[in-house]
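What follows is one structure encoded as structure tokens, with my remarks underneath.
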Amino acid sequence: MKKNILIVPGDGIGQEVTQVGKKVLDKIAQKFGHTFSYDQALIGHVAIEATGNPLPDESLAKMKASDAVLFGAVGHPKYDNDPSAKVRPEQGLLKMRKELGLYANLRPIKLFDELLGASSIKPEILKGADILFFRELTGDIYFGDKGRDNNGDTAFDVAKYSRYEVERIARKAFDAARTRRKKICSVDKANVLETSRLWREVIQVVAKDYPDVEVEHQFVDATAMLLIKDPRRFDVVVTANLFGDILTDEASQIAGSMGMLASASIGDGTGVYEPIHGSAHDITGKGLANPLASILSAALLLDISFKMKAESEAVINAVDKVLKSGYRTKDIADPLTESGKVLGTEAMGEEVLKNLD
Ligand code: NAD
């Protein structure tokens with residue numbers, strides 16, 4: 001199969017981990033007889049530095065023309081510490097999601113057994129946890145009106161959802177639940193928020209088309225607690241943009257580290273595949289970044305955008321073998337038992353490539 005893949009490294013460790021993800025895609029093409037061609041595009045701080053624009057038109061055009069995007073991260077401490085900056089790296093990310101119609105963000109949270117000890121949660125609570133999050137990505141408080149009143153002393157961000165926005169992600173989540181354990185948990189704050197009351201109403205309507213799927217509704221505050229208390233009770237979780245942003249970072253601890261979690265952003269056109277972590281400037285350029293989230297993002301890309309199930313499983317199995325062999329990056333290492341097998345970004349990538357041979 002011939003496919004065009006756009007590599008969009010962005011900022012910080014995004015540059016380091018996407019190079020490793022690309023090598024894994026190359027190896028898969030070689031092994032399974034596919035032809036993958038690559039191009040690269042700018043986004044975020046590096047794009048602002050080069051063009052003044054966090055998402056230049058050229059990058060957007062390349063994204064729209066590609067079969068899939070392997071994405072890194074955006075962000076730079078310069079902007080994190082300057083809330084008044086008018087042009088910001090994240091604007092590129094939000095514009096990309098809006099322009100590509102990426103309304104569903106899928107985040108599989110599954111713990112590799114070998115990493116049971118790497119999480120701060122007790123192994124007996126974690127073992128067997130397997131959650132698929134669907135976070136809505138193009139609505140909510142991120143995209144509503146925002147501004148300042150009262151000479152700048154009052155600020156507002158408006159949360160807004162329309163029925164069709166909730167329905168389209170709900171259907172994706174219910175479809176996925178049917179291929180799994182047939183359980184769905186819809187997370188909202190319907191006791192307080194009108195957007196959440198609409199959310200719950202739509203979920204209840206969509207649920208009628210899926211009588212074989214068990215549905216529960218939870219408030220976001222209770223969900224935050226239940227994720228840590230009993231993560232195995234969840235199968236598919238569907239939620240709004242802001243709640244999903246926060247809950248999936250919390251859930252990353254179920255998988256041991258942010259460096260292990262991949263995500264897929266999908267909608268009507270090109271899909272974007274990226275680690276859930278950010279640009280991590282504290283470790284940028286030190287060779288410490290865990291590339292497994294980018295490698296697992298490449299596995300999601302193969303599965304979802306290219307329908308290459310066997311190829312995707314080959315990548316996941318290779319990651320599993322590397323972990324079984326005891327190799328770790330620093331973020332998932334247990335310093336007492338695994339000294340000597342702690343690898344840097346590139347070396348960890350090389351181990352995965354060896355296991356794909
Ligand atoms: P972060 O995910 O970049 O880092 C949080 C912590 O996790 C840091 O200590 C970091 O070293 C560690 N970490 C993250 N990924 C790792 C990996 N692959 N291997 C090893 N350790 C890893 O989040 P942050 O520090 O809150 O944000 C840094 C910047 O990234 C900010 O500018 C923020 O806006 C941006 N950000 C971007 C995205 C995105 O592009 N999707 C997501 C989150 C944050």
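Atom set for the values below is all heavy atoms of this structure, side chains included, hydrogens, waters and symmetry mates excluded. Atoms within each ligand, like the ligands themselves, are counted from 1 in listed order. Being a predicted model, the structure only gives us computed values, none of them experimental.
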* To do: Using a 4.0 Å heavy-atom threshold (strictly under), name the region of I13 that reaches ligand 1: side chain, backbone, both or neither.
  => side chain
* Asked: Of the choices S279, G75, P275, which has the non-hydrogen atom that lies closest to atom 29 (C) of ligand 1?
  -> S279
* Salt bridge between K64 and E99, side-chain N to carboxylate O under 4.0 Å? -> yes
* **Numbered atoms and elements of ligand 1 in range of E274, under 4.0 angstrom, heavy atoms** => 41 (N)
* Asked: Using a side-chain heavy atom cutoff under 4.5 Å and only I, L, V, M, F, W and Y, what cluster partners does V17 have?
  -> none
* Structure fact -> atom 18 (N) of ligand 1 sits nearest the protein heavy atom N290 O, 3.1 Å
* Donor-acceptor pair between N53 and T51 side chains, under 3.5 angstrom -> no
* Does A289 come within less than 4.0 angstrom of ligand 1, counting non-hydrogen atoms of the residue? -> yes
* To do: Could you walk me through whether K182 and D235 pass the salt bridge (charged side-chain N to carboxylate O under 4.0 Å, His left out) test, one step at a time?
  => CA-CA 8 Å; K182 297 190 173 54; D235 178 15; over 6 Å; no
* Asked: What atoms of ligand 1 come closer than 4.0 angstrom to any heavy atom of G259?
  -> 17 (C), 18 (N)
* Of the protein's non-hydrogen atoms, which lies at the shortest distance from atom 10 (C) of ligand 1, and what is that distance? -> D282 OD1, 3.5 Å
* R148 (side chain) donor-acceptor with T154 (main chain) under 3.5 angstrom -> no
* **Protein contact for atom 27 (O) of ligand 1 (heavy atom, distance under 4.0 Å)** => no
* To do: Under 4.0 Å from a heavy atom of A73: give me the atoms of ligand 1 that qualify, with their elements.
  => 40 (O)
* To do: Could you pull out, from I283, I332, N81, the option with a heavy atom nearest to atom 21 (N) of ligand 1?
  => I283
* Asked: Below 3.5 angstrom, do we get any N/O pair linking E90 and ligand 1?
  -> no
* Flag G278 as yes when one of its N or O atoms lies below 3.5 Å from any N or O atom of ligand 1, and as no otherwise. => yes
* Is there at least one protein heavy-atom neighbour under 4.0 Å from atom 24 (P) of ligand 1? -> no
* Min N/O separation V74 to ligand 1 under 3.5 Å -> yes
* Those atoms of ligand 1 less than 4.0 Å from some heavy atom in H76 -> 32 (O)
* To do: Please determine if A280 has a nitrogen or oxygen closer than 3.5 Å to a nitrogen or oxygen of ligand 1.
  => yes
* **atom 14 (C) of ligand 1 - nearest protein heavy atom and its distance** => H277 CB, 3.6 Å
* Asked: Taking side chain as C-beta onward, heavy atoms only, is I304 less than 4.5 Å from I266?
  -> yes
* Asked: For residues E136 and T138, is any side-chain donor paired with an opposing acceptor at under 3.5 Å?
  -> yes
* Structure fact -> ligand 1 to M258, heavy atom cutoff 4.0 Å, flagged ligand atoms 2 (O)
* Is it the side chain, the backbone, both or neither of D80 that has a heavy atom closer than 4.0 Å to ligand 1? -> side chain
* Asked: Can a salt bridge be assigned to the pair K122 and E124 using a cut-off of 4.0 Å between side-chain N and carboxylate O?
  -> no
* Salt-bridged, E58 to K62, with N to O below 4.0 Å? -> yes
* Asked: Do the side-chain N and O atoms of N4 and S37 include a donor-acceptor pair separated by under 3.5 angstrom?
  -> yes
* Are K172 and F134 in a cation-pi contact, defined as NZ or CZ under 6.0 Å from the six-membered ring centre and within 45° of the axis? -> no
* To do: Look up atom 43 (C) of ligand 1 and tell me if a protein heavy atom lies less than 4.0 Å from it?
  => yes
* Asked: Passes salt bridge (charged side-chain N to carboxylate O under 4.0 Å, His left out), R197 versus D188? Steps please.
  -> CA-CA 8 Å; R197 284 193 272 272; D188 60 36; over 6 Å; no
